Amino acid sequence: MSVKRLVVFSGSGISAESGIKTFREIGGLWEEYSIYDVATPEAWQKNKTLVLDFYNQRRKQVLEKQPNDGHFVCVDLENYFDVEIITQNIDDLHERAGSQKVLHLHGEIRKAQSSLNPNLIYEMDGWKIKLGDKCELGSQLRPHVVWFGEPVPKMDDAINIVSKADILVVVGTSLQVYPAAGLLNYCPNSCKVFLVDPNELDTSTFYQSIEHIKEKAGVGLPRLSKTLIENFA
Ligand code: APR
């Protein structure tokens with residue numbers, strides 16, 4: 001029997017137990033900051049210092065945090081399945097936990113990007129991009145993240161991965177941000193879809209039947225993993 005393809009589609013909730021804030025919950029990042037001030041191309045044009053500072057803080061925080069049990073379960077599943085992670089997160093906690101195949105839909109906070117050519121991407125050592133830091137073309141460096149209103153360049157790759165999934169595990173995302181959330185509609189009819197999230201979510205807009213495990217990632221993922229290994233590996 002061939003190894004089953006398992007896709008994990010993660011959002012900020014999987015990193016919550018590492019101490020990284022989610023976005024739309026009470027106390028979430030978008031309660032503290034306006035999306036329009038820090039996470040759009042217009043915000044960048046209006047106030048580069050504010051935008052750089054916002055993402056510098058995010059980067060500093062990510063460097064201080066560690067992967068949690070939820071991330072490690074995703075790694076362990078590689079012993080039983082062909083696992084691909086598609087994450088909306090800009091942190092690198094999946095990679096630091098040890099996951100082999102991670103696709104970042106919304107960019108990577110530990111990388112900088114040319115503001116002239118989005119294909120010029122640079123690894124960063126520290127946590128700060130400063131005003132005046134330039135790419136090789138001489139333009140200001142910006143964070144390598146996808147802002148609201150920008151295209152999502154990895155979307156086609158993500159659709160391709162989901163369309164071949166035998167099992168889809170959605171974890172820690174409110175499924176409110178498109179096109180990312182629409183990925184659920186690309187999995188084959190035969191695909192088993194699970195959702196791990198402690199809160200009630202409206203999934204009525206998706207075609208698939210979804211089994212909701214209403215737990216935090218650190219509890220729900222180990223439990224689901226056991227079931228998946230027993231029944232599908
Ligand atoms: N384990 C699992 N899920 C959790 C946990 C946890 N410990 N804690 C919170 N959650 C869930 C919440 O119930 C919520 O459904 O995580 C979800 C977080 O939702 P959002 O804050 O909307 O974050 P996310 O879905 O990742 O946002 C998508 O929006 O702002 C943009 O680009 C940003 O990638 C982000 C995108």
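When a ligand or atom number is given, it counts from 1 through the structure's own listing order. Keep in mind it's a predicted model, so treat the numbers as computed, not measured.
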Under 3.5 Å side-chain donor-acceptor pair for Asp91 and Gln61: no

- request: Examine the side chains of Lys164 and Asn160 and answer whether a donor and an acceptor come within less than 3.5 Å of each other.
  value: yes

Where is the nearest protein heavy atom to [atom]: which residue, which atom, and how far?
| atom | result |
| --- | --- |
| atom 22 (O) of ligand 1 | Ser174 OG, 2.5 Å |
| atom 23 (O) of ligand 1 | Ser12 OG, 2.8 Å |
| atom 14 (C) of ligand 1 | Asp197 OD2, 3.5 Å |
| atom 30 (O) of ligand 1 | Trp30 NE1, 2.7 Å |
| atom 25 (O) of ligand 1 | Thr173 OG1, 2.7 Å |
| atom 35 (C) of ligand 1 | Phe23 CE1, 3.5 Å |
| atom 34 (O) of ligand 1 | His106 ND1, 2.9 Å |
| atom 5 (C) of ligand 1 | Gly13 O, 3.5 Å |

message: Using a 4.0 Å heavy-atom cut-off, which part of Leu201 comes near ligand 1: side chain, backbone, both, or neither?
response: side chain

query: Backbone, side chain, both or neither: what part of Ala16 comes under 4.0 angstrom of ligand 1, heavy atoms only?
result: side chain

Determine, considering heavy atoms only, which of [options] sits nearest to [atom].
| atom | options | result |
| --- | --- | --- |
| atom 16 (O) of ligand 1 | Ala180, Gly218, Pro198, Gly172 | Gly172 |
| atom 27 (O) of ligand 1 | Glu200, Gln88, Arg24, Glu215 | Arg24 |
| atom 36 (C) of ligand 1 | Asn199, Val177, Leu175, Val196 | Val177 |

- request: Give the ring-plane orientation class for Tyr55 versus Trp147, where under 30° counts as parallel, over 60° as perpendicular and anything between as tilted.
  value: tilted

- request: Assess whether side-chain contact (heavy atoms from CB on, under 4.5 Å) is satisfied between Glu78 and Leu6, documenting all intermediate values.
  value: CA-CA 9 Å; Glu78 291 183 10; Leu6 188 155; over 6 Å; no

query: Which atoms form the tightest heavy-atom contact between Ile129 and Asn56, and what is the distance?
result: N-OD1, 2.8 Å

message: How close do Val152 and Leu105 get, counting heavy atoms only, and between which atoms?
response: CG1-O, 3.4 Å

Within the 4.0 Å heavy-atom shell around [X], which atoms of ligand 1 are there?
| X | answer |
| --- | --- |
| Phe148 | 30 (O), 31 (C) |
| Glu17 | 1 (N), 6 (C), 7 (N) |
| Gly11 | 26 (O) |

query: Does Lys101 offer a backbone N or O that forms a donor-acceptor pair with the side chain of Ser99 under 3.5 Å?
result: no

task: Indicate yes or no: at least one non-hydrogen side-chain atom of Glu17 is less than 4.5 angstrom from one of His71.
output: no

field: N-O pairing of Arg24 and Glu31 below 4.0 Å
entry: no

query: Salt bridge check: are Arg223 and Glu211 linked by an N-O gap of less than 4.0 Å?
result: no

- line: The single option from Asn185, Val193, Asn189 that satisfies side-chain contact (heavy atoms from CB on, under 4.5 Å) with Tyr207 is Asn185

query: Under a heavy-atom criterion of less than 4.0 Å, does Glu25 contact ligand 1?
result: yes

